[in-house]
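Below, chains carry the letters A, B, ... as their sequence lines are ordered, and counting in each starts from 1. From a predicted model like this one, the values you see are computed outputs, not experimental measurements. We use all heavy atoms of the structure for the numbers below, so side chains are in, but hydrogens, waters and symmetry mates are not.
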Amino acid sequence: MSDIRLRFAPSPTGFLHVGGARTALFNYLYARRTGGAFILRIEDTDIERSTEESVENLLGSLRWLGLDWDEGPGKGGECGPYFQSQRIEIYNGYVQKLLDEEKCYTCFCTDEELEAEREEMAAKGLPPKYSGKCAKLRKEEVRTLLDSGKPFGIRFRVPPGEKIAVEDLVHGHTEFDSSILGDFIIKRSNGFPTYNFTCVVDDYLMKISHVIRGDDHLSNTPKQMLIYRALGFDTPIFGHVSMILGPDGSRLSKRHGATSVEEFRNNGFLPEAVVNFLSLLGWSPPEKDGAVKEIMDLPEMCGLFGFDRVSKNPAIMNTEKLLWMNGMHLRKLPGEKILELSPSLLEDSFIGGSREKALKYIEATRDYYNTLGDVTGRLAEFAEPGLSKELLSEYPPEKFIPLLDCLLEDIHAADLSNMQMLPAFFKNISKKTGLKGRDLYHSMRVFLTGKNEGPEMQHFFFVLSKDELSARFEKARAVLKG
RNA sequence: GUCCCCAUCGUCUAGAGGUUAGGACACAGGCCUUUCACGUCUGCGACAGGGGUUCAAUUCCCCUUGGGGACGCCA
């Protein structure tokens with residue numbers, strides 16, 4: 001195994017978002033591509049918002065997508081624990097180190113004070129950064145406040161006027177000036193350290209070589225660089241992947257419809273399609289023989305992925321293409337697999353619990369599938385129709401009763417077990433009755449299904465048993481005879 | 001407001017100074033076909049605007065505009 005180590009570090013405060021899923025995917029792909037390790041770390045330092053259910057959901061979504069991790073929850077690993085909430089002692093040690101070196105300080109400001117300060121800055125048209133008030137506190141003052149039991153947080157002392165350069169894998173060279181940064185909290189008054197601090201400590205301790213995350217963290221990076229410096233850690237390679245936006249170009253949110261992996265799963269999408277679709281949001285596979293192969297499975301993507309082809313632009317989520325792509329993946333699946341994914345198919349009254357019939361039905365209708373929901377969506381077309389005189393009014397008895405007679409006679413001896421045999425069967429019926437084209441096929445469709453459209457006629461003869469075919473044709477004959 | 005990022009068809013994107021600006025989804029039409037779908041073919045459709053640099057800019061630089069992000073004791 002190489003020294004390349006990547007991680008996905010979500011906070012368990014909700015479902016796995018498509019943006020997060022894609023970040024996880026890019027990390028996974030690069031790790032697999034390079035023979036490195038893919039680590040999952042749960043960033044649950046916000047005890048207010050982190051929930052156990054979110055953790056379970058996150059893990060479930062990741063597993064469903066097929067993004068298996070080498071180290072992390074349920075897997076263990078040398079750099080654990082992988083829940084930040086279990087690493088508080090570790091962070092405290094580093095906070096103390098910084099405190100001893102006076103690279104951070106205690107802050108006694110209350111939320112109200114900070115809020116007032118921000119408003120004041122905003123009113124003056126200044127960037128709302130912390131004034132550094134508590135940085136000026138004398139040791140004795142701090143002592144007194146501490147003794148009085150006043151709550152306090154720990155702030156990182158940002159050195160002013162420093163240039164902070166980030167060489168980003170996707171954005172290239174980016175520079176920040178530390179002066180735009182206010183001293184920021186690295187440890188809350190409730191004792192829990194904050195993201196920018198834990199992230200640095202863990203990425204270092206877990207020997208992360210590449211930090212691949214969302215664009216929204218780009219402006220956090222200078223803060224983290226400062227912490228790396230203060231702690232004397234080497235910095236990893238950064239790569240900031242663009243955001244995924246909603247159809248209106250704004251940040252993706254609930255009002256944009258399905259945005260979580262969970263929802264796509266529930267809506268009949270396949271993990272291979274979701275992963276495939278997400279991979280193409282911000283990455284393009286290299287051309288091969290002048291063409292791009294867009295439909296890929298995870299191993300194929302692993303073989304092709306690289307940050308040289310990751311785009312800087314934010315991407316708007318287009319569900320239409322996902323739908324198409326899902327169909328591509330779904331239609332490729334063997335019938336058994338589709339049946340396994342659509343267990344309710346067996347409960348249908350037409351299928352009657354018969355695996356054999358279900359598989360025949362799948363073979364006959366698979367070209368119509370885009371989502372798993374479409375699998376059962378065609379059943380109504382196979383159900384026994386309620387035929388009436390009005391429905392069959394287009395079909396004069398003198399012309400079509402001979403057809404039904406002929407069908408009823410020939411069905412028994414015919415081999416309907418193979419769809420390839422059916423064109424010959426129909427040809428023979430056509431020859432005997434003199435009916436062809438629409439007269440022949442459309443009438444059979446209506447007699448059999450009571451509908452004007454649906455799968456090809458041969459599919460019905462393939463799926464329906466001879467008894468069912470006979471029964472339906474007999475019924476149609478009875479209605480025609482009136 | 002300040003700082004950072006981004007800017008090619010409606011959408012995802014290829015392009016890395018000279019291309020009829022390519023592909024995919026969607027859309028329209030043709031073919032296949034009893035219908036719909038699948039498949040296939042064709043069409044529609046873009047370099048945000050303005051300045052530079054250059055013999056030559058979609059491509060490099062600057063400005064504007066637009067979008068996004070950060071400026072939290074959220075991550």
Side-chain angles (χ1 to χ4, degrees), chain A residues 9-13 43-46 48-50 107 109-111 114-115 118 121-130 151-155 166 168 170-171 174-177 179-182 184-196 198-199 213-223 240 242-243 245 247 249-251 277 280-287 290-295 309 311-325 327 331 365-370 374 378 381 426 436-445 451-457:
Chain A
S11 62
T13 54
E43 309 221 321
D44 54 352
T45 54
D46 185 349
E48 311 279 313
R49 299 199 305 157
S50 300
C107 173
C109 295
T110 61
D111 287 348
L114 293 170
E115 181 59 29
R118 271 193 291 272
M121 305 289 273
K124 284 186 191 161
L126 295 168
K129 65 176 193 184
Y130 180 62
F152 65 95
I154 309 283
R155 277 186 194 274
V166 183
D168 193 276
V170 348
H171 289 283
T174 308
E175 262 187 21
F176 299 86
D177 191 318
S179 305
I180 60 163
L181 266 23
F184 52 92
I185 292 281
I186 57 175
K187 184 174 170 179
R188 300 177 178 86
S189 53
N190 70 4
F192 281 84
T194 60
Y195 165 74
N196 282 120
T198 58
C199 181
R213 71 224 315 190
D215 235 350
D216 48 341
H217 288 295
L218 190 53
S219 14
N220 278 324
T221 308
K223 292 184 193 169
H240 290 92
S242 67
M243 305 269 83
L245 309 175
S250 71
R251 194 181 191 140
F277 175 71
L280 261 17
L281 246 38
W283 172 64
S284 59
E287 291 187 7
V292 186
K293 186 172 178 278
E294 284 201 324
I295 303 295
R309 297 189 68 84
S311 140
K312 292 187 272 204
N313 336 357
I316 290 176
M317 175 99 173
N318 176 331
T319 327
E320 277 170 348
K321 189 160 182 173
L322 171 60
L323 196 63
W324 165 81
M325 197 167 263
R331 289 193 290 269
T365 55
R366 62 184 312 137
D367 280 351
Y368 294 85
Y369 303 160
N370 276 141
D374 297 333
R378 292 264 147 187
E381 287 163 356
F426 291 139
K436 55 185 179 182
R438 195 181 159 83
D439 271 349
L440 175 65
Y441 291 99
H442 209 75
S443 60
M444 288 196 292
R445 176 183 301 285
K451 292 186 171 54
N452 284 311
E453 54 175 61
E456 286 178 35
M457 203 25 62

Please measure how far the C1' atom in A16(B) lies from the corresponding atom in G49(B), and state the result in whole Å. 23 Å
Electrostatic pair Glu294(A):Lys321(A) at N-O distance under 4.0 angstrom: yes
Please write out the pairs of protein N or O atoms and N or O atoms of nucleotides 19-22 of chain B separated by less than 3.5 Å, giving the distance to one decimal.
none

Write down the distance separating the C1' atoms in C32(B) and C38(B), rounded off to the nearest Å. 11 Å
Watson-Crick or G-U wobble mate for A46(B), both contacts under 3.5 Å: none
Starting at atom NZ of Lys312(A), determine the distance to atom C1' of A14(B), rounded to an integer number of angstrom. 15 Å
Below 4.0 Å: OP1/OP2 of A75(B) and any side-chain N or O of Thr45(A): yes
NA contact type, Gly214(A), heavy-atom cut-off 4.0 Å: base, sugar-phosphate, or nothing? nothing
Is the charged tip of Arg155(A) near the ring of Tyr130(A): under 6.0 Å from the six-membered ring centre and within 45° of its axis? yes
Using side-chain heavy atoms (C-beta onward) and a distance below 4.5 Å, is Ile186(A) in contact with Pro193(A)? no
Mind checking the C1' distance from G45(B) to C12(B)? Whole angstroms is fine. 15 Å
In Watson-Crick or G-U wobble terms, both distances under 3.5 Å, what is the partner of U53(B)? none
Whole-Å distance separating the CG atom of Asp46(A) from the P atom of C73(B): 12 Å
Could you tell me the separation between the CD1 atom of Ile316(A) and the P atom of C12(B), rounded to a whole number of Å? 5 Å
Does any non-hydrogen side-chain atom of Trp324(A) lie less than 4.5 Å from one of Ile295(A)? yes
Would you please name every residue forming a side chain to side chain contact (heavy atoms under 4.5 Å, CB included) with Lys451(A), sequence neighbours left out? Glu381(A), Thr449(A)
Under 3.5 Å, is there a donor-acceptor pair linking the side chains of Thr194(A) and Asn196(A)? no
Applying the Watson-Crick and G-U wobble criteria at under 3.5 Å, what pairs with U65(B)? Answer none if nothing qualifies. A7(B)
Looking at every strand, decide which applies to Thr174(A) at a 4.0 Å heavy-atom threshold: base, sugar-phosphate, or nothing. sugar-phosphate
Rounded to the nearest Å, what distance is computed from the CD1 atom of residue Ile154(A) to the P atom of nucleotide C73(B)? 13 Å
Between A7(B) and U13(B), how far apart are the P atoms? Round to whole Å, please. 11 Å
Take Thr221(A) and His240(A) through the test side-chain hydrogen bond (donor to acceptor under 3.5 Å, both in side chains) and record every step on the way to the result. CA-CA 10 Å; Thr221(A) 308; His240(A) 290 92; 3.2 Å; yes
Span that lies between the P atom of A37(B) and that of G30(B), in whole angstrom: 12 Å
Evaluate the criterion side chain to side chain contact (heavy atoms under 4.5 Å, CB included) for residue pair Glu175(A) and Val166(A); output intermediate values, then yes/no. CA-CA 6 Å; Glu175(A) 262 187 21; Val166(A) 183; over 6 Å; no
So if I define the base as every atom that isn't primed, P, OP1 or OP2, how would nucleotides 24-35 of chain B read as a B/S/- string at a heavy-atom cutoff under 4.0 Å? BSS-------BB
Using whole Å, what does the distance between atom C1' of nucleotide C38(B) and atom CG of Asp374(A) come to? 13 Å
Closest heavy-atom pair, Leu181(A) versus Pro222(A), reported as atoms and distance to 0.1 Å, is CD2-CB, 4.2 Å
Same-atom distance (P) from G52(B) to U59(B), integer angstrom: 14 Å
Contact class for Cys199(A) vs. all strands (heavy atom < 4.0 Å): base, sugar-phosphate, or nothing? nothing
Using atom P of each nucleotide, how far apart are U33(B) and G17(B) to the nearest Å? 49 Å
Could you tell me how far C25(B) sits from C5(B) if I compare only their C1' atoms? Round to whole Å. 27 Å
Partner residues of Asp46(A) under the salt bridge (Lys or Arg N to Asp or Glu O under 4.0 Å) criterion, sequence neighbours left out: Arg49(A)
Spatial distance of atom CE (Met325(A)) from atom CG (Asn370(A)) [nearest 0.5 Å]: 12.5 Å
Can you tell me the base-pairing partner of A14(B)? Count Watson-Crick or G-U wobble geometry only, both distances below 3.5 Å, and say none if there is no partner. none
So what's U19(B) paired with, Watson-Crick or G-U wobble, going by both distances under 3.5 Å? none
Return the set of residues passing side chain to side chain contact (heavy atoms under 4.5 Å, CB included) with Met243(A) (not counting sequence neighbours), or none when no residue passes. Asp215(A), Asp216(A), Leu245(A)
Would you indicate what Ser242(A) reaches in the nucleic acid, counting non-hydrogen atoms under 4.0 angstrom: base, sugar-phosphate, or nothing? nothing
Honestly, is Arg378(A) close enough over Tyr368(A), meaning NZ or CZ under 6.0 Å from the six-membered ring centre and within 45° of the axis? yes
Whether His171(A) contacts C6(B) is assessed here as follows: a side-chain N or O lying under 4.0 Å from the phosphate OP1 or OP2. Is that the case? yes
Glu175(A) vs Glu43(A), nearer the 5' end of RNA chain B by closest nucleotide: Glu175(A)
First encountered from the 5' end of RNA chain B, between Val170(A) and Asn196(A): Val170(A)
Scan every strand shown for a Watson-Crick or G-U wobble partner of G39(B), both distances under 3.5 Å, and answer none if you come up empty. C31(B)
Searching all strands shown, indicate the nucleotide that pairs with C71(B) (Watson-Crick or G-U wobble; both distances under 3.5 Å). G1(B)
Over how many whole Å does the gap from Met121(A) atom CE to C3(B) atom C1' extend? 14 Å
So, do Glu48(A) and Phe192(A) sit near enough that their side-chain heavy atoms are less than 4.5 Å apart? no
Tell me: CZ of Phe277(A) to C1' of C12(B), nearest whole Å? 7 Å
Please enumerate all protein N or O atoms sitting under 3.5 Å from an N or O of nucleotides 64-72 of chain B, with distances to 0.1 Å.
residue : atom : partner   : partner atom : Å
G69(B)  : O2'  : Asp216(A) : O            : 3.3
A70(B)  : O4'  : Ser219(A) : OG           : 2.9
G72(B)  : OP2  : Pro128(A) : O            : 3.1

d(CG, Asp177(A); P, U2(B)) in whole Å: 15 Å
